[in-house]
K.L.:
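Mind having a look at this structure? Questions to follow.
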2 protein chains.
Amino acid sequence: MVTSRTLAGPCRAWPEESTFIREVLDRIGDKWTVLVVTTLSDEPLRYSDLQASVPGISQRMLTVTLKALERDGLLTRTAFAEVPPRVVYELTDLGRSLADAVMALAAWAATHHEQVAASRAAHARSGVGREKTRHALARPTGPATS
Amino acid sequence: MVTSRTLAGPCRAWPEESTFIREVLDRIGDKWTVLVVTTLSDEPLRYSDLQASVPGISQRMLTVTLKALERDGLLTRTAFAEVPPRVVYELTDLGRSLADAVMALAAWAATHHEQVAASRAAHARSGVGREKTRHALARPTGPATS
DNA sequence: CAGAATCCCCACGGATACTG
DNA sequence: CAGTATCCGTGGGGATTCTG
């Protein structure tokens, strides 16, 4: 890992690659999308099942999220014309590939969240809200740029 | 890929793993964090350089983002006590590992964004805003659940 | 059951001005 | 240069109500 630095690539002015990143993050950035996608990665579910499987979600956000995901071809919506309506949502191959990518990120989180929590706690212990705790200075006299 | 479905894992009630995912997504969910982290993955930069390298960012958001990342141990802040102040931000190993994970997600985006765009365009062509376009029904008579 | 529609709040974030 | 402090607009999203 940690190969990105050694790339020394010309990422300078954010040519256009960042557009793709934003496109994905705008989609999975909100919590509901992630929860819905990962939940559906297990198996297809109907509306009410999803609402049950994703604890805090409101009907509104569930509907909005599902529509957006359908629009982007990440899942399919199948409605059955039965007397009590039944609608099943299932990830497409595209959706599952995204789910895998998200899982990879989740793996990172599971691996490193302790370090993050530790660092967060350390900063909390040093002054955060209390008092005007000035940032510590490195190399008081400074080496001067060049 | 697409292994997540075959897991058939007990993700049911989102035990606690989702917490980690959220923790990460809450961090990289906003556009600025991603842009800052990926920008710094190339090389350490000072405040003004970052502001220049990340086009649309305001001082406020740059500061807020940097503080959050420092708090989480993803980057280090080094201030030099010179007459014109100089502060350099550099990713930690932890930060670089996150950057790599984000890059992986970017790779997914670069690979699949066309499919997403296509699907999005297709949905735009079928009725979205115009008229009340009812959803098509699958299997009009329905097979009944079981 | 599966949504659509409406109201409404507040936190995220931009713009601006000031400071060490 | 490298921030901090303040004001304020916008829209994301929850709660509620109604429909096919």
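Keep in mind that what you see is a predicted model, and the values were worked out from it rather than measured.
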K.L.:
Run the side chain to side chain contact (heavy atoms under 4.5 Å, CB included) test against A:Ser58 and tell me which residues pass, sequence neighbours left out.
P.N.:
A:Arg60, A:Met61
K.L.:
What does the list of N/O pairs under 3.5 Å between the protein and nucleotides 12-14 of chain D look like, with a distance for each?
P.N.:
| unit_1 | atom_1 | unit_2 | atom_2 | d |
| --- | --- | --- | --- | --- |
| D:dG13 | N7 | A:Arg60 | NH2 | 2.9 |
| D:dG14 | OP1 | A:Trp32 | NE1 | 3.3 |
| D:dG14 | OP2 | A:Ser58 | OG | 3.2 |

K.L.:
Find the distance B:Gln51:CD to C:dG14:P and express it as a whole number of Å.
P.N.:
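Whole-Å distance recorded here is 12 Å.
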K.L.:
Please give, in whole Å, the distance from C:dA2 P to A:Phe80 CZ?
P.N.:
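Rounded to the whole Å, the gap is 11 Å.
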K.L.:
When you measure from the side chain of A:Thr63, which nucleotide among D:dG3, C:dG3, C:dC1 comes out closest?
P.N.:
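Closest of the options to the side chain of A:Thr63: C:dG3.
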K.L.:
Does a nitrogen or oxygen in the side chain of A:Tyr47 sit under 4.0 Å from OP1 or OP2 of C:dA4?
P.N.:
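Negative; the distance criterion is not met.
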K.L.:
Is the side chain of B:Tyr89 donor-acceptor paired with the backbone N or O of B:Glu70 at a distance under 3.5 Å, no angle test?
P.N.:
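Not at all, since once roles are kept as given, no pair shorter than 3.5 Å links the two residues.
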K.L.:
Checking B:Ser48 now: which residues fulfil side-chain hydrogen bond (donor to acceptor under 3.5 Å, both in side chains) with it, not counting sequence neighbours?
P.N.:
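Not a single residue meets the side-chain hydrogen bond (donor to acceptor under 3.5 Å, both in side chains) criterion with B:Ser48.
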K.L.:
What's the CD-P distance between A:Glu70 and C:dA2, to the nearest Å?
P.N.:
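Those two atoms, CD and P, are 15 Å apart.
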K.L.:
May I have the distance from A:Gln59 (atom CD) to D:dT19 (atom P), rounded to whole angstrom?
P.N.:
16 Å
K.L.:
Under 4.0 Å between a side-chain N or O of A:Lys67 and OP1 or OP2 of C:dG3?
P.N.:
no
K.L.:
Can you pull out how bent the helix from C:dC1-D:dG20 to C:dG20-D:dC1 is, comparing the axes over its first five and last five pairs, to 10°?
P.N.:
40°
K.L.:
Could you state the atom-to-atom distance from CG of A:Leu62 to P of C:dA5 in whole Å?
P.N.:
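The distance from CG of A:Leu62 to P of C:dA5 comes to 16 Å, rounded to the nearest Å.
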K.L.:
Report the residues that fulfil side chain to side chain contact (heavy atoms under 4.5 Å, CB included) with A:Pro85, sequence neighbours left out, ordered by chain and then residue number.
P.N.:
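By the side chain to side chain contact (heavy atoms under 4.5 Å, CB included) rule, A:Pro85 matches no residue at all.
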K.L.:
State which residues pass side-chain hydrogen bond (donor to acceptor under 3.5 Å, both in side chains) with A:Thr65; sequence neighbours excluded, sorted by chain then number.
P.N.:
none
K.L.:
Is it the case that B:Asp100 and B:Ser97 place a side-chain donor and acceptor less than 3.5 Å from each other?
P.N.:
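No, because no side-chain N or O of B:Asp100 sits under 3.5 Å from a partner of the opposite role on B:Ser97.
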K.L.:
For B:Ala101, check side chain to side chain contact (heavy atoms under 4.5 Å, CB included) against everything at least two apart and list the hits.
P.N.:
A:Leu105, A:Trp108
K.L.:
Between C1' on D:dC1 and CG on B:Asp49, what's the gap in Å once rounded to a whole number?
P.N.:
11 Å
K.L.:
Whole-Å distance between D:dA2 P and B:Leu45 CG?
P.N.:
11 Å
K.L.:
Going by the rule side chain to side chain contact (heavy atoms under 4.5 Å, CB included), which residues pair with B:His113 if we only count those two or more places apart in sequence or in a different chain?
P.N.:
A:Phe20, A:Glu23
K.L.:
Partners of B:Asp26 by salt bridge (charged side-chain N to carboxylate O under 4.0 Å, His left out), sequence neighbours excluded?
P.N.:
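Expected list: B:Arg22.
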